[in-house]
Amino acid sequence: MLFWYRRQLKEHGAVEATRLLWRTARSRLSTRLANKFLREKITCPCCGWNGRRFYDYIEVGYTIPRAACPRCDSHARHRTLYLWLEREYRLQNKSGVALVFAPERALAPTWDAATSVRAYRVDVAAARGVDLLADLQRLPITSDAVDIIWCHHVLEHIEDDLAAIRELYRVVRPGVGELIVSVPMEEGLKRTREYGFADPRESGHWRIYGDDFMDRLAATGFSVQAVDYRVSAEEAARYGAASEKFLICRKATL
């Protein structure tokens, strides 16, 4: 918590950081008491945690209620993607080389269980325990070499996302390789809104994507398939999951 608070001080200043600390501490205490004394209602499919309530996810500019698993820190989209990887994509039956950008701790066991997939965890910072430190705008990876690229909620953090998309296209294997990607999008926004800076009140995002995101990918050469993976009402309540929209992109055989 002390390391986290120091980082908030650096990013937001004393007033905002202290306000964020107070909001977070109050929310965490309430959730811990609920999990200790109230009957269990929910399960995290990623790690198997059971309890009454997920933690609120609290940032300076916004709060997502009852979002984060107390054990593995999965959010609703992680839990939904976990179910898709297990049930639909069947990652455990895949093989080849994978790049996992900004690797989610909650999904690490899923990648580890895919014994025929050689997964490399990639990030620009070492804090996530990655295999490769790299800038997505300039990847030190051979062209046409990667079978699976996992890139969720990453491109909005990159100043030149078009350069990053071109790199993703360059390294994916033609014909059989797949880029599985998602970004935060504003429903009904026709064109991506660029901020011109990494907004600290939106978790360092450079932009909010609009309906033109698929066009950005297609302009690079990708064929793009939209996926809207839906969970049942019972699973949504039990797992704290929600329908998740993402894209599967492929490069034509040379």
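Keep in mind that what you see is a predicted model, and the values were worked out from it rather than measured. Below, each value reflects all heavy atoms present in this structure, side chains not excepted, and no hydrogens, waters or symmetry copies.
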Q. In the single-linkage hydrophobic clustering (I, L, V, M, F, W, Y; side-chain heavy atoms under 4.5 Å), do Leu179 and Val176 co-cluster?
A. no
Q) Closest heavy-atom contact between Ala218 and Val224? A) N-CG2, 4.1 Å
**Q.** Sequence neighbours excluded - salt bridge (Lys or Arg N to Asp or Glu O under 4.0 Å) pairs with any residue from residues 57-82
**A.** none
Q | For the student: nearest non-hydrogen atoms of Gly204 and Ala198, plus distance | A | O-CB, 3.5 Å
Q: Could you tell me whether a side-chain N or O of Asp144 sits under 3.5 Å from a main-chain N or O of Pro174, the two making a donor and an acceptor?
A: no
Q) Any ion pair linking Arg193 and Glu202 (charged N to carboxylate O, less than 4.0 Å)? A) no
Q) So how far is it from Arg166 CZ to Arg216 CZ, rounded to the nearest 0.5 Å? A) 11.0 Å
Q.
Is the shortest side-chain heavy-atom distance between Ile165 and Leu217 below 4.5 Å?
A. yes
(Q) I need the Leu107 CG to Leu91 CG distance, nearest 0.5 Å. (A) 9.5 Å
**Q.** Phe213 side chain reached by Val181 side chain, heavy atoms, under 4.5 Å
**A.** yes
Q) What are the two closest heavy atoms between Ile158 and Leu136, and how far apart are they? A) CD1-CD2, 3.4 Å
Q.
Going by the rule side chain to side chain contact (heavy atoms under 4.5 Å, CB included), which residues pair with Glu40 if we only count those two or more places apart in sequence or in a different chain?
A. Asn50
**Q.** Under 3.5 Å donor-acceptor, Thr24 side chain and Leu20 backbone
**A.** yes
(Q) Suppose we screen for side chain to side chain contact (heavy atoms under 4.5 Å, CB included). Which residues come up paired with Asn35, at least two apart in sequence or across chains? (A) Thr31, Trp49, Arg52, Arg53, Pro70
Q) Which residues, ordered by chain and number, are linked to Trp206 in its hydrophobic cluster, where ILVMFWY side chains connect at heavy-atom gaps below 4.5 Å, directly or through other members? A) none
(Q) Among residues at least two apart in sequence or on other chains, which ones pass side chain to side chain contact (heavy atoms under 4.5 Å, CB included) with Glu88? (A) Trp84, Tyr229
Q) What pairs of residues pass the side chain to side chain donor-acceptor pair (under 3.5 Å) test when at least one of them lies in residues 116-126, not counting sequence neighbours? A) Asp112-Arg121, Arg118-Tyr120, Asp123-Arg128
**Q.** For Arg138, side chain to side chain contact (heavy atoms under 4.5 Å, CB included) partners two or more places apart
**A.** Asp135
Q. Are any side-chain N or O atoms of Gln137 and backbone N or O atoms of Asp160, one a donor and one an acceptor, separated by less than 3.5 Å?
A. yes
Q) Which residues, ordered by chain and number, are linked to Phe37 in its hydrophobic cluster, where ILVMFWY side chains connect at heavy-atom gaps below 4.5 Å, directly or through other members? A) Leu29, Leu33
Q) Residues in ring pair (Phe, Tyr, Trp, His ring centres under 6.0 Å) with His157, at least two apart? A) His205
Q | Spacing of OG1 belonging to Thr220 relative to NZ belonging to Lys251, to within rounding of 0.5 Å | A | 11.0 Å
(Q) Looking at Arg26 and Leu21, would you say the former's side chain and the latter's main chain have a donor-acceptor pair under 3.5 Å? (A) no
Q) For the atom pair SG (Cys44) and OH (Tyr82), what is the distance rounded to the nearest 0.5 Å? A) 8.5 Å
Q: First locate atom CE of Met185, then atom CG of Asp211, and finally report the distance between them rounded to the nearest 0.5 Å.
A: 5.5 Å
Q.
Quick one about Ser143 and Arg170 (side-chain donor to acceptor, distance below 3.5 Å, no hydrogens or angles considered), yes or no?
A. yes
Q.
Measuring only between side-chain heavy atoms, which start at C-beta, is Phe101 closer than 4.5 Å to Leu139?
A. yes
Q. Is there a path from Leu168 to Leu133 through hydrophobic residues (I, L, V, M, F, W, Y) whose side chains come within less than 4.5 Å of each other?
A. no
Q. Same cluster for Leu81 and Ile42 if Ile/Leu/Val/Met/Phe/Trp/Tyr side chains link at under 4.5 Å?
A. no
**Q.** Minimal non-hydrogen separation, Val60 against Arg23, with atom names
**A.** O-NH1, 3.6 Å
Q: Taking all heavy atoms of Tyr239 and all of Pro45, pick out the closest pair and write down the distance.
A: CD2-CD, 3.6 Å
Q. In terms of hydrophobic clustering (I, L, V, M, F, W, Y; side-chain heavy atoms under 4.5 Å; direct or indirect links), are Ile248 and Trp111 co-clustered?
A. yes
Q | From CG (Asp215) to CZ (Arg191), nearest 0.5 Å | A | 9.0 Å
(Q) Membership question, hydrophobic clusters at under 4.5 Å side-chain separation (ILVMFWY): are Val130 and Val124 in the same one? (A) no
Q.
Pair Glu16, Arg201 - check side-chain contact (heavy atoms from CB on, under 4.5 Å), show working.
A. CA-CA 10 Å; Glu16 289 283 16; Arg201 298 187 67 83; 3.2 Å; yes
Q) Is any side-chain heavy atom of Cys69 closer than 4.5 Å to a side-chain heavy atom of Cys47? A) yes
(Q) A side-chain contact here means heavy atoms from C-beta on lying under 4.5 Å apart; do Ile141 and Leu132 qualify? (A) yes
Q | With sequence neighbours excluded, residues passing side-chain hydrogen bond (donor to acceptor under 3.5 Å, both in side chains) with Ser203 | A | Tyr62
For a quick test of your reading: what N or O donor-acceptor pairs under 3.5 Å do the side chains of residues 146-156 make, sequence neighbours left out?
unit_1, atom_1, unit_2, atom_2, d
Asp147, OD1, Arg173, NE, 2.8
Asp147, OD2, Val97, N, 2.8
Asp147, OD2, Arg173, NH2, 3.4
Trp150, NE1, Glu104, OE1, 3.3
Trp150, NE1, Glu104, OE2, 3.4
His152, ND1, Ser182, OG, 2.7
Glu156, OE1, Val154, N, 3.3

Q: May I have all residue pairs that pass salt bridge (Lys or Arg N to Asp or Glu O under 4.0 Å) and include part of residues 218-229, sequence neighbours excluded?
A: Asp228-Arg230
Q: Run the numbers on Glu235 and Arg238 for salt bridge (charged side-chain N to carboxylate O under 4.0 Å, His left out), then give the verdict.
A: CA-CA 5 Å; Glu235 289 177 325; Arg238 180 184 177 189; over 6 Å; no
Q: Can you see which heavy atom on Val117 is nearest to which on Ala98, and at what distance?
A: CG1-CB, 3.6 Å
